[in-house]
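Predicted model, so just to flag it, every value in this text is computed and none were measured. Start at 1 and go down the list; that is how both ligands and their atoms are numbered.
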Amino acid sequence: MHNKRNEEPLVEVRNLCKYFRQGRSVLKAVDDVSFTIYRGETLGLVGESGCGKTTCGRTILKLYSATSGQVLYKGQDITNSMSARELLAFKRSAQIIFQDPYSSLDPRMTIGEIIAEGMDVHFRYTPAEKQQKVRELLAKVGLTEDYANRFAHELSGGQRQRIGIARALAVEPEFIVCDEPISALDVSIQAQIVNLLIQLQAERGLTYLFISHDLSMVKHISDRVGVMYLGSLVEVAPSKAIFAHPLHPYTQALLSAIPVADPDFEATRVRVKLEGEVPSPINPPSGCKFRTRCPHAIKVCAEQQPPLVEAEPEHFVACHCWQHLYGDGRK
Ligand code: SF4
């Protein structure tokens, strides 16, 4: 896949936890997660619904306060209290594109007002400069300037998501959390939006955390991929490596469900079927959280949570058995 990142960390997530109290119980949505996002790259974050990937993205952006752990942004710990000025600078630099373009745009505002809203907070443009910026942003996301006077309900889903992207770009961010940005769109439109994100990244040097349950799209856009299960990160690797030889049984099961365009391969490949439902994050299994659905579980899996270890350069996996499962014969 792409290999455009340099080695400068932009976001460092260290032992991040985000718990929600539910009555007398505690829901561990994000449970001791650590990873780095390098400047200029796209890190895909995947997993089934409820695995904590969206909560993780929102906690990184301070939309939720972390329960414990750290998030460093450009080396600064943003989980600690920040001055109003530092917080404003962070909010400008780190933006989000929401999953649902239908509900994330204010129906009472014109598209021009929606795009310009963030500019009023962060820049001191004259009205004429603002209008010019709105026109430039509309053109950048593939829409004509007359869209500035329309309302969200007049637009298609794909057009609304283009507005969501223009709104994020309006404050000239460096980092964008793309939170399931295509899952509410028709399949025919999804690739257009992903290609637009790729193009904008190339032009502006943006860094993305691309959250999705759609592995085929993650493969298309990501330099590296992290896989989450029940609040934990179970595998992180360069995109090419994780799709060519996933090491975690959960990643293998997710990948084996993706249709492949090669009929010969499709006819012969072995599908790994996941048994059972995802357990509740309020009361997760002991040891490895995946053990109740894992075809390879052994005694130690119920006793100890496997640490995330570097199985090969840049390829991390949290499984007691990865060496036993793959040995030296793995290609
Ligand atoms: Fe399966 Fe055990 Fe590995 Fe967990 S640690 S994925 S249960 S083999």
Per-atom contacts of ligand 1 with [X], taking only distances under 4.0 Å to non-hydrogen atoms:
X: Cys288; value: 4 (Fe), 5 (S), 6 (S), 7 (S)
X: His248; value: 6 (S)
X: Cys301; value: 2 (Fe), 5 (S), 7 (S), 8 (S)
X: Cys321; value: 8 (S)
X: Cys294; value: 1 (Fe), 6 (S), 7 (S), 8 (S)
X: His320; value: 3 (Fe), 5 (S)

For atom 3 (Fe) of ligand 1, does an N/O/S atom of His296 lie at less than 2.8 Å? no
Is the Phe123 to Tyr125 ring centre distance short of 6.0 Å? yes
For residues Tyr64 and Phe20, establish whether the separation of their ring centroids is below 6.0 Å. yes
Cation-aromatic face contact Arg293/Phe290, 6.0 Å, 45 degrees: no
Side chain, backbone, both or neither: which part of Pro249 has a heavy atom under 4.0 Å from ligand 1? side chain
To which of Arg291, Arg293, Gln305 does the heavy atom nearest atom 7 (S) of ligand 1 belong? Arg291
Enclosure of Glu136 CD (heavy-atom neighbours >12, cutoff 6.0 Å): yes
With a 4.0 Å cut-off on N to O distance, would you call Arg39 and Glu174 a salt bridge? yes
Tell me which protein heavy atom sits closest to atom 3 (Fe) of ligand 1, plus the residue, atom name and distance to 0.1 Å. Cys319 SG, 2.3 Å
The single option from Gln304, Gln305, Arg291 passing side-chain hydrogen bond (donor to acceptor under 3.5 Å, both in side chains) against Ser286: Arg291
Does some side-chain heavy atom of Leu63 sit less than 4.5 Å from a side-chain heavy atom of Ile96? yes
